[in-house]
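Chain letters run A, B, ... following the sequence lines, proteins first and then strands; every chain starts at 1.
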Protein chains: 2
Amino acid sequence: MVELDDRKLKILQAIIQNYLETGEPVGSRTISKYTDLNLSSATIRNEMSDLEDMGYIIQPHTSAGRIPTDKGYRLYVDLLLLDKNKEVENMKSILIEKADRLESLLEQVAKLLAVNTNYATMVTTPQYKKKVKFIQLTEIDDKQLLAVIVFEGNIVKNKVIKVTRSLSKETVLKLNIVLNTFLQGLDLAEINLPVITQMKEQAGEDYVTLVNDILDAIMQAVSGDDDFKVYTSGATNILKYPELSDVEKASELIYTLEEKKMLSDLIHNKMDDEETRGIQVYIGDETPIETMKDCSVVTATYEIEEGVYGKVGIIGPKRMDYERVVVTLKNLMVELDDIFKNKT
Amino acid sequence: MVELDDRKLKILQAIIQNYLETGEPVGSRTISKYTDLNLSSATIRNEMSDLEDMGYIIQPHTSAGRIPTDKGYRLYVDLLLLDKNKEVENMKSILIEKADRLESLLEQVAKLLAVNTNYATMVTTPQYKKKVKFIQLTEIDDKQLLAVIVFEGNIVKNKVIKVTRSLSKETVLKLNIVLNTFLQGLDLAEINLPVITQMKEQAGEDYVTLVNDILDAIMQAVSGDDDFKVYTSGATNILKYPELSDVEKASELIYTLEEKKMLSDLIHNKMDDEETRGIQVYIGDETPIETMKDCSVVTATYEIEEGVYGKVGIIGPKRMDYERVVVTLKNLMVELDDIFKNKT
DNA sequence: AATTAGCACTCACTTAGTTTGAGTGCTAAC
DNA sequence: GTTAGCACTCAAACTAAGTGAGTGCTAATT
C-alpha cells in the first residue's frame with residue numbers, strides 16, 4: 001500500500017495549513033472550498049477518514065473537525081524543508097549595533113527573535129573550548145589577588161583570590177611564570193594530578209595553598225555550570241495561543257523557561273551529535289523536556305569559530321508556522337556567521 | 001471626627017487578614033464569628049458601612065462582602081510595621097555556599113525568595129562606585145590586547161581591544177604605567193578632557209588611537225546600562241493568584257518582569273532618595289510601574305559596602321502577606337549584610 | 001443610645017435543560 | 001470513483017430556575 005497518494009497529501013497539507021492559522025479543528029467543508037481540488041465535502045470526508053486511520057490527523061471528539069497529530073506535523077515539516085526564501089530579515093543591522101559584547105548580543109538575538117516570531121525563544125551561550133591561553137595574576141591589595149584567565153577564543157574569566165599574607169612583587173611574577181609554563185595550552189582534561197604536583201613543587205612549598213586556590217578558580221571558571229547561560233525571551237507569547245494558555249500549562253511552560261537549567265537539557269543532551277548541527281525540529285513528545293510535550297521546538301546551531309557552538313531555539317505551539325520559523329532561523333544563522341567572521 | 005476608633009480598627013484588620021488568606025470578599029457574619037469582639041453581624045454591618053464610607057473597604061458589587069481598598073491596605077501596612085520577629089529563615093546557609101560570585105549570589109537570592117514567599121521577586125545588581133582602582137593591559141596576541149579594569153569594590157571588567165599593529169613588551173608596560181598614573185582613583189566624572197589630553201601627550205602620538213580605545217572600553221564598562229542587571233524569579237507565582245491570573249493581566253505582568261528594563265524604573269526613580277533606603281511598600285497605584293497597578297511591591301535595599309547599594313523587590317497581589325514579606329526581607333537584609341561583611 | 005433580631009432584597013454562581021450548528025458516517029444515486 | 005442527502009453526534013452558547021451569601025433597613029431589646 002502506497003502510504004500517501006498525491007491527493008491525500010494535498011488534503012493533509014490543506015488541513016494543517018488551515019489549522020496553523022486558526023487553531024480550530026478543520027472540517028471537510030472548509031477543505032472542499034479552500035483547495036483547488038474541486039472535490040465535494042463528502043469525498044474529502046472519505047479521504048479524511050483514511051488519513052485518520054493512517055494516524056496523520058485525529059478528531060478531538062466525535063463530530064468535530066480534524067487536527068493534525070504529531071505524525072502529521074512531522075510529515076508536513078519533512079516535506080516543507082525546501083525553503084522558499086522569504087524576505088530577508090533586517091535583524092542584522094540592529095544586531096551589529098548592539099554587538100559590543102557577545103552576551104548582550106545573544107540576549108538581543110533572543111529578544112528580536114521573540115518579537116519577530118511571536119513565539120518564545122532561547123539562546124545559549126557558546127560552549128567554548130576550554131583551553132587555557134594564558135593566566136595573569138595581579139595584586140589588588142595586600143589581601144587579594146586577581147586572577148585573569150584567558151581561554152582559547154578570547155573568553156576571559158576573572159576571579160578574586162584571597163591570600164592570608166601579602167606577597168612580594170617577585171613572588172607574583174614567579175607564580176605567573178610557573179602557572180603559564182605549566183598550564184598554557186592545556187584544557188581541563190589535561191590538567192591532571194602529575195601536572196599539578198609538578199607545578200606545586202616548582203612554586204615552592206609556601207605557595208601550595210595559593211596554587212590550589214588558583215586551580216580552583218580555573219576549575220570554577222571552566223566548569224560549565226557557572227558559565228553556561230541560557231537567555232530566554234518572549235515567554236508571554238505562549239499566552240497568545242489558546243491551546244497553551246490555560247493557567248496549568250502556561251504556568252509549567254513559563255516556569256521551564258524561567259528555570260533555565262532545564263532548557264540546557266534540550267541542548268546538552270545532543271550537543272555533540274553531528275545530526276543536530278543543522279536545524280532541528282522537535283514535535284510534541286519528541287522534545288526531551290517533559291513539560292513541553294504540547295509544544296514544538298525548533299533549534300539551530302550557530303558557530304562562533306571552529307569548535308565553538310551555541311544553540312538558538314524557538315518554542316511555540318505544535319501549530320507553529322514551521323516554514324517561517326525555519327526560514328527565519330536559517331537567515332539568522334547566516335547573519336550571525338557574518339557578524340562573527342567580521343569580528344574575529 | 002476621630003477617624004477610626006479602636007473597634008473599627010479591629011474590624012478592618014480582621015477583614016484584611018481574612019481577605020489575605022482567602023482572596024474572597026469577606027462578609028459581616030464571618031467577622032462576627034471570627035473575632036473576639038462578640039458583636040452580631042448586624043453591628044458589624046453597620047461598622048462596615050462606616051468603613052466603606054471612609055474609603056477603607058469596598059464592595060465589588062452589591063450584596064457581596066467587602067474587600068480592602070488601597071487606602072485600607074496602606075493603613076494596615078503602616079500599622080503593622082512593629083514586627084513580631086518570625087522564625088529566622090535558613091536561607092543564609094544556602095546562600096553562603098553559592099556565594100562565589102556576586103552575580104550568581106544575587107540570582108540565588110531572587111530564586112530563594114521566590115520559592116519561600118510564593119511571589120515574584122527581583123534583585124538588582126548594586127550600583128557600585130565607579131572609581132578606577134587599577135588598569136592592566138596585557139597582550140593576548142599580535143592583534144589583540146586585553147584590558148582588565150578593576151574598580152573600587154573589586155568589580156572587574158574585561159575588554160578585548162583590537163590593535164592594528166603589534167606592540168612591543170616595553171610599549172605595553174609604558175602604557176600600563178601611563179594609564180594607571182592618570183586614571184587611578186578617578187571616577188567617571190573626573191575623567192575629563194584635560195586629563196585625557198594630558199594622558200595622550202604622555203603616551204605619545206603613536207598611541208592616541210589606542211588610548212582612545214581604552215577609554216572607550218572604560219566608558220563602556222562603566223556606563224550603567226551595560227552592567228546594571230535585574231534578576232527576576234518566580235514570575236509564574238503570579239498565576240497562583242486568581243485576581244492576577246487572567247490571561248490579560250498575567251501576560252502584562254510577566255512581560256514586565258521579563259523585560260527587565262522597566263523594572264529598573266522602580267528602583268532608579270528613587271534610588272537616591274534617602275527615604276527609600278529601608279523597606280518600602282508600594283500598594284496598587286503607588287508603584288511607578290503602570291502595569292503593576294493591580295499588585296503590591298515591597299522593596300528593600302542592601303548594602304555591600306559604603307555607597308554600594310542594590311535593591312530586592314517582591315511583587316505580589318495586593319492581598320500579599322505584608323507582615324511575612326516585610327519580616328522576610330528584613331531578615332534577608334541582615335543576612336546579606338553578614339555575608340558581605342565577612343567577605344570584604 | 002447602642003446593639004441585635006428579623007426580614008425583604010440583591011446578585012453572582014450553580015445546575016439543568018434547550019437550542020444551535022458545524023461536523024461526521026453511511027447509503028443510495030449519478 | 002464521486003456526490004447528494006440525511007440521520008446522528010456533540011461542544012458551545014443560551015436560558016431559566018434555584019441557591020445562598022451578603023446587604024440595608026426597621027423595630028424590638030438592653
Side-chain angles (χ1 to χ4, degrees), chain A residues 1-2 4-12 14-16 18-19 21-69 72 242-243 245-246, chain B residues 1-2 4-12 14-16 18-19 21-69 72 242-243 245-246:
Chain A
M1 183 229 249
V2 194
L4 278 174
D5 61 20
D6 196 51
R7 198 171 71 177
K8 280 194 173 47
L9 214 89
K10 277 203 177 111
I11 291 174
L12 179 60
I15 292 173
I16 294 184
N18 194 282
Y19 182 67
E21 279 170 36
T22 63
E24 297 291 313
V26 8
S28 51
R29 193 139 176 286
T30 316
I31 299 299
S32 150
K33 281 193 290 185
Y34 208 81
T35 58
D36 48 1
L37 291 168
N38 280 327
L39 294 173
S40 81
S41 63
T43 315
I44 303 287
R45 271 204 291 285
N46 291 331
E47 296 286 42
M48 280 166 97
S49 181
D50 291 354
L51 283 169
E52 182 159 18
D53 289 344
M54 296 185 207
Y56 292 110
I57 51 180
I58 201 173
Q59 276 182 294
H61 57 85
T62 355
S63 91
R66 309 300 216 282
I67 61 175
T69 59
E243 66 267 50
S245 76
D246 73 284
Chain B
M1 183 227 249
V2 193
L4 278 176
D5 60 22
D6 196 51
R7 196 170 74 178
K8 281 194 173 51
L9 213 89
K10 276 202 178 112
I11 292 174
L12 178 59
I15 293 173
I16 295 183
N18 193 283
Y19 182 67
E21 278 171 36
T22 63
E24 296 291 314
V26 7
S28 52
R29 195 139 175 287
T30 316
I31 298 300
S32 150
K33 281 193 286 185
Y34 208 78
T35 58
D36 46 2
L37 292 168
N38 280 326
L39 294 172
S40 78
S41 63
T43 314
I44 305 286
R45 272 203 291 285
N46 291 331
E47 296 286 41
M48 280 166 99
S49 180
D50 291 352
L51 284 169
E52 182 158 18
D53 289 344
M54 297 185 206
Y56 292 109
I57 51 180
I58 201 174
Q59 275 182 296
H61 57 84
T62 354
S63 89
R66 309 301 215 286
I67 61 175
T69 59
E243 66 267 48
S245 76
D246 73 284

Query raised in the report: Rounded to whole angstrom units, what separation is found between the CG atom of A/D50 and the P atom of D/dG1?
Result: 12 Å
**Report entry** Separation of C/dG23 P from A/E52 CD (nearest whole Å)
**Finding:** 15 Å
Requested in this report: Take atom CD1 of A/I11 and atom C1' of D/dT2, then tell me their distance rounded to the nearest Å.
Outcome: 12 Å
**Report entry** Given D/dA11, D/dT3, D/dG24, the nucleotide with the shortest approach to the side chain of A/H61
**Finding:** D/dA11
**Report entry** A/R66 side chain near C/dG25 phosphate (N/O to OP1/OP2, under 4.0 Å)
**Finding:** yes
Report summary line: Out of C/dA12, C/dT4, C/dG25, minimum distance to the side chain of B/L39 belongs to C/dT4
Query raised in the report: Just how far, in rounded Å, is P of C/dT4 from CD1 of B/I44?
Result: 9 Å
Query raised in the report: Between atom CD1 in A/I31 and atom C1' in C/dA22, what is the gap in whole Å?
Result: 14 Å
**Report entry** Value in whole Å for how far the C1' atom of D/dA27 lies from CG of B/N46
**Finding:** 14 Å
Query raised in the report: Which nucleotide in the list C/dC11, D/dT3, C/dT4 gets nearest to the side chain of B/S40?
Result: C/dT4
Query raised in the report: Where the side chain of B/A42 is concerned, which of C/dA12, C/dT4, C/dC7 is the nearest nucleotide?
Result: C/dT4
Query raised in the report: OP1 or OP2 of D/dT23 less than 4.0 angstrom from a side-chain nitrogen or oxygen of B/S49, does that happen here?
Result: no
Query raised in the report: Can you name the nearest heavy-atom pair linking B/L39 to B/S32, along with the distance?
Result: O-OG, 3.1 Å
Query - Side chain B/E52, main chain B/I57, donor-acceptor under 3.5 Å - result: no
Query - A/L37 atom CG, over 12 foreign heavy atoms within 6.0 Å - result: yes
Requested in this report: Indicate, yes or no, whether a donor-acceptor pair under 3.5 Å links the base of D/dT9 to the side chain of A/S63.
Outcome: yes
Query raised in the report: C/dA22 P sits how many Å from A/Y19 OH, rounded?
Result: 19 Å
**Report entry** Residue B/T43, side-chain heavy atoms: nucleotide from D/dT3, C/dT4, D/dT23 that is nearest
**Finding:** C/dT4
Query raised in the report: Are A/R45 and A/S28 close enough that a side-chain donor and a side-chain acceptor fall under 3.5 Å?
Result: yes
**Report entry** 5′-ward residue of the pair B/T62/B/S41 relative to DNA chain C
**Finding:** B/S41
Query raised in the report: Donor-acceptor pair under 3.5 Å: do we get one between B/R45's side chain and the base of D/dG24?
Result: yes
Requested in this report: Can you see which heavy atom on A/L51 is nearest to which on A/K8, and at what distance?
Outcome: CD1-O, 3.9 Å
Query raised in the report: More 5' along DNA chain C: B/R7 or A/G27, using each one's nearest nucleotide?
Result: B/R7
Requested in this report: Measure from CD on B/E47 to C1' on C/dA2 and round the result to the nearest Å.
Outcome: 10 Å
